[in-house]
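One structure is given here, and the rest of the page talks about it.
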Amino acid sequence: MKEFLVELTTTVPEGTDPAEVERRRAAEAVRAAELARAGHLVRLWRPVGELRSIGLWRAADEAELYEKVLGTLPLWPWMTSTVTSLHSHPNDPAGVADAV
């Protein structure tokens, strides 16, 4: 699978019922755990003092990432995203450790 750095910002539409927001947030946690078990969500961070998330995600390609991974998140309709496709750097410490 290919790796992607994904920045996600969720903006709840004005006037949304708080119960709907909580329902989606709870469902989001469940779906994120499922995607992690399936190997699609590798790591997830929240920058200090910010309301966005930065994650390392895996998918066969960018189309699968959008359609079958990110697009399945319950909060996805309220999200904006920036996706950067990644590949290993020759000086990546993980790659060096694997070669030793």
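Going from atom CG of L70 over to atom CG of L41 covers 9.5 Å, rounded to the nearest 0.5 Å. To the nearest 0.5 Å, atom CG of residue L73 and atom CZ of residue R24 are 11.5 Å apart. With rounding to the nearest 0.5 angstrom, the CD atom of E28 is 10.0 Å from the CH2 atom of W78.
Shown here for T72 and K68, the closest heavy-atom pair between the two residues is CG2-O, 3.4 Å. Considering all non-hydrogen atoms of both residues, W76 and S81 come closest at CH2-OG, 3.5 Å. The shortest non-hydrogen separation linking G55 to L44 is CA-CD1, 3.9 Å. The nearest pair of heavy atoms linking R31 to P74 is CB-CD, 3.9 Å.
A 4.5 Å side-chain heavy-atom check between V83 and W57 finds every atom pair outside the cut-off.
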Would you list the atom pairs, donor with acceptor, under 3.5 Å between side chains in residues 1-13 and any protein atom, with sequence neighbours excluded?
unit_1	atom_1	unit_2	atom_2	d
E3	OE2	R58	NE	2.9
E3	OE2	R58	NH2	2.8
E7	OE1	R52	NH1	2.5

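L86 and V42 end up in the same hydrophobic cluster when Ile, Leu, Val, Met, Phe, Trp and Tyr side chains are linked at under 4.5 Å.
Residues passing the side chain to side chain contact (heavy atoms under 4.5 Å, CB included) test with A63 are D61, E67, sequence neighbours excluded.
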